[in-house]
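Just so it is clear, the model here is predicted, and its values are computed rather than measured.
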Amino acid sequence: MKISARNVLPATVVSIKDGAVNSEVLVKLAGGEEIVSVVTKASVDHLGLAAGKQVYVVVKASNVMLAVD
């Protein structure tokens, strides 16, 4: 796999919640952190996503915001 994005994080699919058009995919990173991605149901099918499948979280953004209390 070659990709221009710099932030590529290996993860494991924990669960998938299907909606009418989109699916909410919960993944867990190696350190235990969890990330949720919303993708189309067609993408879930095309990628063969299921609980336990190894995936890559790809973050490509022109802006990354930080916040503090």
Side-chain angles (χ1 to χ4, degrees):
M1 173 180 74
K2 292 183 179 183
I3 191 165
S4 64
R6 297 279 183 206
N7 301 303
V8 180
L9 310 168
T12 304
V13 175
V14 174
S15 64
I16 300 171
K17 293 182 186 175
D18 288 325
V21 175
N22 293 325
S23 296
E24 186 178 279
V25 182
L26 176 65
V27 300
K28 185 178 283 193
L29 303 178
E33 300 89 350
E34 293 183 333
I35 296 176
V36 174
S37 177
V38 176
V39 298
T40 64
K41 288 176 70 173
S43 291
V44 170
D45 292 340
H46 178 73
L47 295 170
L49 298 181
K53 183 169 180 91
Q54 299 297 303
V55 297
Y56 294 96
V57 175
V58 180
V59 180
K60 178 80 172 177
S62 58
N63 296 302
V64 175
M65 298 184 296
L66 303 175
V68 298
D69 288 329

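- The side-chain hydrogen bond (donor to acceptor under 3.5 Å, both in side chains) analysis of residues 34-44, with sequence neighbours excluded, yields the pairs Thr40-Ser43.
- Applying the side-chain contact (heavy atoms from CB on, under 4.5 Å) rule to Ala30 yields no partners; only residues at least two apart in sequence or on another chain are considered.
- Every residue two or more places apart in sequence or in another chain that forms a side-chain hydrogen bond (donor to acceptor under 3.5 Å, both in side chains) with Thr12 is listed here: Gln54.
- Distance check, rounded to the nearest 0.5 Å: NZ of Lys60 to CD1 of Ile3 gives 8.0 Å.
- Applying the side-chain hydrogen bond (donor to acceptor under 3.5 Å, both in side chains) test to Asn22 and every residue at least two apart in sequence or in another chain returns nothing.
- Listed by first then second residue, pairs satisfying side-chain hydrogen bond (donor to acceptor under 3.5 Å, both in side chains) with a partner in residues 1-11 number zero, not counting sequence neighbours.
- The minimum heavy-atom distance linking Ala50 with Val13 is given by the pair O-CB, 3.3 Å.
- With sequence neighbours left out, Ser23 forms a side-chain hydrogen bond (donor to acceptor under 3.5 Å, both in side chains) with Asp18.
- Val57 is linked by a side-chain contact (heavy atoms from CB on, under 4.5 Å) to Leu9, Ala11, Val27, Leu29, Ile35, Val59, counting only residues two or more places apart in sequence or in another chain.
- Listed by chain and number, the hydrophobic cluster partners of Val36 are Val14, Leu26, where partners are ILVMFWY side chains within reach of under 4.5 Å, directly or through others.
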